[in-house]
Amino acid sequence: MIRLSRQATQRIAFWLISLIAGLVIASILLIVGLVIVQGSGAIGWEFATGFPREGMKEGGILPAIVGTLLLTIGTAIFSVPIGVGAAVYLAEYSEDNALTRTIRIAIINLAGIPSVVYGLFGLGLFVLFLKFGTSILAGSLTLGIMTLPVIISTSEQALRAVPHSFRVVSVSLGATHWQTIRRIVLPQALPGVLTGVILGLERAAGETAPILFTVAAFFLPRLPQSVFDQTMALPYHLFVISTQVPGMPIRIQYGTALVLLAFVLSMNLIATLIRRHYRERRQW
Amino acid sequence: MMTDPTVPEYKIRIENFSIRYSDGVESLRGISLDLYACQINVLFGPAGGGKSTLLRALNRLNDLVDVEEQSGRVLLDGVDISAAGVDVVALRRRVGMVFARPVPLPMTIRQNLFYGPQLAGMRAASSLERLLEQSLRQAALWDEVKDRLDEPAVALSGGQQQRLCLARTLMLEPEVILLDEPTSGLDPISTAKVESSLQELKGRYTIAVIPHSVQQAARVADWAAFFLQGELIEHGPGTALFTNPQDERTEDYVTGRFG
Ligand SMILES: Nc1ncnc2c1ncn2[C@@H]1O[C@H](COP(=O)(O)OP(=O)(O)OP(=O)(O)O)[C@@H](O)[C@H]1O
Ligand SMILES: [Mg+2]
């Protein structure tokens, strides 16, 4: 075996790591670039505000855009209060005992469940058992449950990262535990919590399997009127026009992908901006 | 002892007080000690003697720590504050605390100072501002920060931060002030400022302080209590205790033979 000098090992390691990083960046650029090049031709006023026409081969994707927006909002309504509340409980109130250890294991396992299983679960519980039907309500609840683990674990980490000394000082100044959480811990943890929330919602916005059986419609001639209506949604629409409709113009497929990508990436951008904003204002 | 005219009036009476942490160590064993009003009461001794533990028992900050077992009583104005059911929030407003490392809350200087009184329900801007100036003057910080009250508190130097923490405690208008090595990280000039603040404050407050050195203990103590491995070895007037200790272990410590 050849023995390399330390400097040589270091150089090789550096090149390997750079290569890997380069591959990651290259594949992102490739995907985004491909979608932009192929899809930007479709983008236009009618595409964003019109309904699909001619067997979806013409027209716009407004109902899918609106549907994904509604589902994301619905998901947030369910998962943010419950997720952040659970994180506060775990980080601030729970003791280390069998119950909380079980909760933690449950959360970790929930995060690992394939999304199609959430879809089946939502079908069984919300659509059939609770009789919500295939509806925005059932879909939002299903996506909400799928999103919970991310929100809970990132929020809990953010809460725990707030220095213990702040809590001791706050309590020593006559604050109750809850006042300390409200006025010191939560504001300090907010950027981390928001990052977790947005990461979770981003995943929810892009998933197809959980909405497949619970809310998504192949085609609807009008926008949903209530939470008990079905809706079209971007990821499912993309799936449909890529696999279920023969002779679909590629421009429309990539245009839809581009809108979905833009939606998710702009959420990412918002998360980054929030983090930057708070980092600059951080006072410790 | 109660009839001895040279012994001042006590504010806090600790009776046969013991604490054991969940790691099994008995950190305080059968402590009985009076802390006097309008005096600087010094608790000193080598590391791990239980001084901080005792101080935290006086405003129930030990509630935040893993205490396994506790016995005995701590009387504040004759009322046992170590019992269950005590209003700890009200207690902590009466018994304020300054920590070894200054911890400004992540907000402005003014917000730091208003934090306690606002939680206590003080709303009127005029009373808050009056209290703010008075507290900052008492902590010898007014001149240095009066023009920058809306800057982040972390922008202050370490010594200024510590005086801010003292002022923040004074904002509670407490009856007792506990200080756990308040000058341990400070330069001599800042240390002198804090010490002279204490001398002025003792006229109105009961002060219990853990000094960071024997020299400081001897400098500031009206009364001094020497702690060794969870036991109270000796308690007496500062001058007597430092010049003529009764117990051999106290003498060894104050003369620098160990510790
Ligand atoms: N939170 C805690 N959990 C477990 N044991 C503790 C805790 N705090 C203190 N102890 C133990 O209690 C004993 C007394 O500690 P304490 O901090 O009261 O001593 P101290 O006299 O203030 O010492 P120092 O001069 O180093 O500050 C030590 O043996 C310490 O290990
Ligand atoms: Mg200590």
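Within every chain, numbering begins at 1; the chains are lettered A, B, ... in the order of the sequence lines, protein sequences first and strands thereafter. What's counted below: heavy atoms across the whole structure, side chains too, no hydrogens, waters or symmetry copies.
- The shortest distance between side-chain heavy atoms of M107(B) and R183(A) does not fall below 4.5 Å.
- Considering all non-hydrogen atoms of both residues, L61(B) and S172(A) come closest at CD1-CB, 4.0 Å.
- Residues L173(A) and L119(B) fail the side-chain proximity criterion, which asks for heavy atoms closer than 4.5 Å.
- Of all the listed residues (V95(B), N59(B), V103(B), V98(B)), the one sharing the greatest number of non-hydrogen pairs under 4.5 Å with chain A is V103(B).
- Contact annotation: the side chain of Y115(B) never approaches that of V169(A) to less than 4.5 Å [non-hydrogen atoms, C-beta and beyond].
- Interatomic distance, L105(B) CG to Q188(A) CD, rounded to the nearest 0.5 Å: 9.0 Å.
- Surrounding CZ of R182(A) are at most 12 heavy atoms belonging to other residues, nucleotides or ligands under 6.0 Å away.
- Proximity to chain A involves both the backbone and the side chain of R168(B), based on heavy atoms less than 4.5 angstrom apart.
- Summarising the local packing, CD of Q199(B) is surrounded by more than 12 heavy atoms from other residues, nucleotides or ligands at distances under 6.0 Å.
- By the 4.5 Å heavy-atom criterion applied to side chains, F99(B) and S165(A) are not counted as neighbours.
- Within a 6.0 Å sphere centred on CZ of R101(A), heavy atoms belonging to other residues, nucleotides or ligands number more than 12.
- Counted within 6.0 Å of CD on E129(B), heavy atoms from surrounding residues, nucleotides or ligands total more than 12; the atom is thus considered enclosed.
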